[in-house]
Structure formats: C-alpha cells, structure tokens
Novice: 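I'd like to ask you about the structure that follows.
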Amino acid sequence: MTSRTLVAVLTGAGISTDSGIPDYRGPNGLWQRDPSAQDLVTIGPYLADPEVRRRAWLLRRDGGALRAEPNAGHRALVGLAAALPVRVLTQNVDGLHQKAGLPDGKVLELHGTARRVRCMDCAYTCPTEAALERVAAGEADPPCPDCGGILRPATVMFGEALDPAVLEKAAMIAQACDLFVAVGSSLQVHPAAGLVGVAVEAGARLIVVNAEPTPYDHLAEQVVREPISTALPALVATLTG
C-alpha cells in the first residue's frame, strides 16, 4: 500500500475483550450471561428506574473498563497509524485506542465515552472516576451536584440516536478511504454498521476481522476469524510491509 492510502478502521467490542472488557452479543457476551443487563445501557429503563441506575453504577464500579489496559490489537493500530494515514471509527466507549497512543484527532468515538458522565438536565460533566467516588462513599445513584438531575454516561445509549455531526464525519471518512477494516464488530448495530456499505459503494476494499460471521462478510475481500490480538498485528504487518 502507498503512503497516500487512507485506511478507515471500524472497531467494535471484540477488539477490547482481551483487555478484560466483555462484549455484548458474543457467545460469552454480557447479554448472554445476563439478558437484563441490556437495561443498564438502554436510555428508557435507565431514566425511568432508579434500581436500573443503581445497578448501572455498580457495573461501572466493578466492571473494570476504566482500569483496563490496551492489548496487542489496540497497539497494532497505533503502528498502522505510524505508517499510513489512518482514521479509527470506534463503536467502543472505553478510550483504549487513545490510551494505547492514538491521538484524539485520529479516533472518532461514534458512541461517546464512558470515561465521563454528564447531567441530563444541565451542562454539568465530570470524569466518571469522580462520580464513582461518590458511589463508594454511599450514594447508590448520585445526582447532579449542580441541579439534582440524573447523571448518565457520556455515551450514546441504546435507544438514542448518534450525534448527526459525528455520523456525518464518519461517513465522509468511509467515502474517502481506500481500505475499510472492520475489527471486532458484529456489524449489526446501525447506523455505525452501515459505514461498511458506504465505504464499499464508494470503491473501498473491505477486510473483516471478527470471530463470528457478520452481515457484510460477503462483500469482503478477506475475512479473518483468528483472535484479534494475534490476527490484527499480522494484518498490520502485511499492510505496512
């Protein structure tokens, strides 16, 4: 590949499972083990039920996502970005791409970030760790300290629409890229999954790296089923070699 090739990489939960963050839909995913956990990341139940919010705060406290470290898959994309123009479009909210060393400008967080929380009613926002300190001090469902409103993660929860400006920017990247690599995504959550079709229709080559079949496998020139932490470094070596 030439140095002018733009590579767009769409990452999903599968790239972070080796960092100890479970995915949602996989065979060992969070929803398979506890179907009721879907309520914890769905906006309607979260706003309506204080018990759902209490469980959600405990999940944030005990889930380990904020303590997770990047794995070989994340680090491979840092190496790819050092060799080629790369934009990472991530469905993940864990911030591990940036923690691995990718600049913020090369990462577009389609679903926001779990590293901050915000108020539903006012402009208040703070690091998630600060809110978790209140949980540790005994507040089961800490309200906004400014207005008393409901605090929620600065993520796009299920039942909410993506930020149109973020989605538009992602679509522009998908249309402009020469290669689109989908990594660790079920490609079932739209509109993010639809970026694959946008890229292919614009003439991009497609590579899918995922343990399970996806609806877009038939469009790919290469489908990789091996574990991401080994498959992605090998793929990056091929692309940059």
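Computed from a predicted model, the values in this text were never measured in an experiment. In what follows, every heavy atom counts, from backbone to side chain, and hydrogens, waters and symmetry copies are set aside. In what follows, residues are counted from 1 in the order of the sequence shown.
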Novice: Decide, yes or no, whether a salt bridge links Arg152 with Glu160 under the criterion of side-chain N to carboxylate O below 4.0 Å.
Specialist: yes

Novice: To the nearest 0.5 Å, tell me how far Arg87 CZ sits from Leu108 CG.
Specialist: 10.0 Å

Novice: Apply side-chain contact (heavy atoms from CB on, under 4.5 Å) to residues Asp39 and Phe158 and explain how you reach the verdict.
Specialist: CA-CA 9 Å; Asp39 285 351; Phe158 287 94; over 6 Å; no

Novice: Taking atom CG of Asp146 and atom SG of Cys122, what is their separation to the nearest 0.5 Å?
Specialist: 5.0 Å

Novice: From Thr113 OG1 over to Asp94 CG, what is the distance, rounded to the nearest 0.5 angstrom?
Specialist: 8.0 Å

Novice: Could you tell me whether Glu129 atom CD has more than 12 heavy atoms of other residues or ligands within 6.0 Å of it?
Specialist: yes

Novice: Evaluate side-chain hydrogen bond (donor to acceptor under 3.5 Å, both in side chains) for Ser185 paired with Gln91, printing each intermediate quantity in order.
Specialist: CA-CA 8 Å; Ser185 174; Gln91 295 173 277; 2.7 Å; yes

Novice: Is it true that the side chains of Glu69 and Ser19 contain a donor and an acceptor less than 3.5 Å apart?
Specialist: no

Novice: Heavy-atom count check: over 12 atoms from other residues, nucleotides or ligands less than 6.0 Å from Lys169 NZ?
Specialist: no

Novice: Using a strict threshold of under 4.0 Å (side-chain N to carboxylate O), is an ion pair present between Arg225 and Asp217?
Specialist: yes

Novice: Run the side-chain contact (heavy atoms from CB on, under 4.5 Å) test on Trp57 and Asp141 for me, step by step, so that the C-alpha distance in whole Å, both residues' side-chain angles and the decisive distance to 0.1 Å come before the verdict.
Specialist: CA-CA 7 Å; Trp57 283 110; Asp141 178 22; 3.5 Å; yes

Novice: Before giving the answer on side-chain contact (heavy atoms from CB on, under 4.5 Å), spell out for Glu109 and Arg115 the whole-Å C-alpha distance, their side-chain angles and the decisive distance to 0.1 Å.
Specialist: CA-CA 12 Å; Glu109 294 178 311; Arg115 295 187 176 272; over 6 Å; no

Novice: Using 30° and 60° as the class boundaries, would you call the ring planes of Tyr216 and His190 parallel, tilted or perpendicular?
Specialist: tilted

Novice: Of all residues at least two apart in sequence or in a different chain, which pass the side chain to side chain contact (heavy atoms under 4.5 Å, CB included) check with Ala231?
Specialist: Val209, Val224, Glu226

